[in-house]
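Heads up: the structure comes next, in structure tokens.
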Amino acid sequence: MFENIEFANPQLFWLLLLLPLGLLWYILTRKNQVASLNISSIKGFKTSNFLSKLKPFLFVLRLLALAAVITALARPQTKEVSTRTKTTKGIDIVMSIDVSSSMLARDLKPNRLDALKEVAEDFIKKRPNDRIGLVAYAGESYTKTPITSDKSIVLAALRDIDYGQLEDGTAIGMGLATSVNRLKESKAISKVIILLTDGVNNAGFIEPQTAADLAVEYDIKAYTIGLGTNGNALTPIAYKRDGTFQFGMRQVEIDEALLEDIASATGGKYFRATDNDKLEEIYDEINKLEKTEIEEFKYTRYEEKFRPWVFLAGLLLLIEWVLRATIFKSFI
């Protein structure tokens, strides 16, 4: 009965202070409520000391009835809240990822590609209301997964991205153009490309500026990220006889001017990630910049619970009246 009960008018419980005051008044005036008769002897009168001692019980019933009325006036009720959300501004996002051999450089831990995949996975999980697709590029580019709202598919595809799936090189223009192609038919209010690279454009048959112009034409915003430390990094420089890479120190070269131009032309922003923490900060900032607007509707249903208290008060008063009119009639 009392589970999950709230009161619409809890301030009325201050009226309960009347109960001890009423009890005190009854104690102080009790003697005056009984008529007295002076006689020389009570021999021949039948008295019931037990019933006379129970007479205050009638006043207790009245106080309990008053307490029940006050509780009813405080309006006990249960509240059930249901929530419905509505996405009013969806965002379609394509993450364009460089998978050239230089992404195996170890200036980020354990290497650039694995560090990116870890941060990108966290980013995807924070976008439950958006559609996301993946594009991988090196010397050429391809769509790893088209834009979809199924995050399990996107995350599985992200984990599967690795070096060696494409001809080596850095075709920034191809990566950007393929991403634009994924988004050009999108009906989303906001369309975004997050393009990451650690080098300079040295492959592909589409110039980065041409791809940027296409993005502008289709109203697609591009955020670009240059990945790599300042100075030298331990980078794959040759193959060993067993087919694994031989690593050596090599100057980090990122065409930051190109990435800044792409971002500026499309209304995006350029970032430079020099370590794991900075890369994570960049994706967090993009996450804040590209917010999906969500409307939340809350519906509250109240069920009034005052009726049992009114019934209880009436029952107590009825019991008091019956007792006064019958058992205690001779003591009133």
Side-chain angles (χ1 to χ4, degrees), residues 1-90 125-129 284 287-288 291-332:
M1 180 179 179
F2 299 102
E3 189 175 349
N4 299 323
I5 293 288
E6 295 183 2
F7 293 90
N9 305 312
Q11 66 276 9
L12 291 180
F13 280 119
W14 287 104
L15 294 175
L16 291 175
L17 294 175
L18 295 174
L19 301 186
L21 293 177
L23 184 60
L24 179 63
W25 171 84
Y26 179 80
I27 293 172
L28 295 176
T29 61
R30 182 183 176 188
K31 290 182 178 180
N32 298 330
Q33 295 176 8
V34 180
S36 61
L37 177 65
N38 296 321
I39 58 176
S40 59
S41 175
I42 61 171
K43 191 178 289 187
F45 288 91
K46 291 183 179 180
T47 61
S48 176
N49 291 329
F50 177 73
L51 287 178
S52 64
K53 290 180 180 179
L54 286 181
K55 185 185 174 185
F57 177 66
L58 299 177
F59 188 73
V60 172
L61 287 176
R62 187 170 295 184
L63 290 181
L64 290 175
L66 178 59
V69 170
I70 292 172
T71 303
L73 290 173
R75 287 183 58 197
Q77 55 189 209
T78 57
K79 182 172 68 173
E80 182 180 335
V81 180
S82 58
T83 303
R84 182 172 64 88
T85 58
K86 176 185 177 183
T87 302
T88 58
K89 182 182 178 185
K125 291 177 180 178
K126 292 177 179 177
R127 313 292 303 193
N129 301 296
D284 283 342
N287 187 44
K288 293 174 183 177
K291 280 293 183 185
T292 299
E293 294 179 9
I294 300 173
E295 279 187 300
E296 184 176 82
F297 300 91
K298 284 190 176 181
Y299 302 91
T300 304
R301 185 172 70 88
Y302 294 95
E303 185 175 349
E304 299 291 344
K305 299 290 184 179
F306 68 88
R307 292 177 184 84
W309 295 98
V310 174
F311 176 78
L312 178 61
L315 180 62
L316 291 171
L317 291 175
L318 177 62
I319 293 173
E320 186 213 1
W321 179 80
V322 171
L323 291 175
R324 282 181 180 275
T326 57
I327 297 176
F328 294 96
K329 185 176 181 180
S330 61
F331 295 95
I332 301 175

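Side-chain N/O atoms of Glu6 and Gln77 include no donor and acceptor closer than 3.5 Å.
Listed here is the closest heavy atom pair of Arg307 and Glu304: NH1-O, 3.9 Å. Taking both residues in full, the closest heavy atoms of Pro76 and Phe7 are given as CB-CE2, 3.5 Å, listed atom of the first, atom of the second, then distance.
Expressed to the nearest 0.5 Å, how far CG of Leu323 lies from CG of Leu318 amounts to 9.5 Å. Remark: Leu73 CG to Phe13 CZ distance equals 9.5 Å, nearest 0.5 Å. Atom NZ of Lys79 and atom CZ of Arg301 lie 13.5 Å apart (nearest 0.5 Å).
For the pair Leu12/Arg75, no side-chain contact is recorded, criterion being any heavy-atom separation below 4.5 Å from C-beta on.
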Please tabulate, one pair per line, all N/O donor-acceptor pairs under 3.5 Å involving side-chain atoms of residues 56-72, not counting sequence neighbours.
| residue | atom | partner | partner atom | Å |
| --- | --- | --- | --- | --- |
| Arg62 | NE | Glu320 | OE1 | 3.4 |
| Arg62 | NE | Glu320 | OE2 | 3.1 |
| Arg62 | NH2 | Glu320 | OE2 | 2.7 |
| Thr71 | OG1 | Ala67 | O | 2.9 |

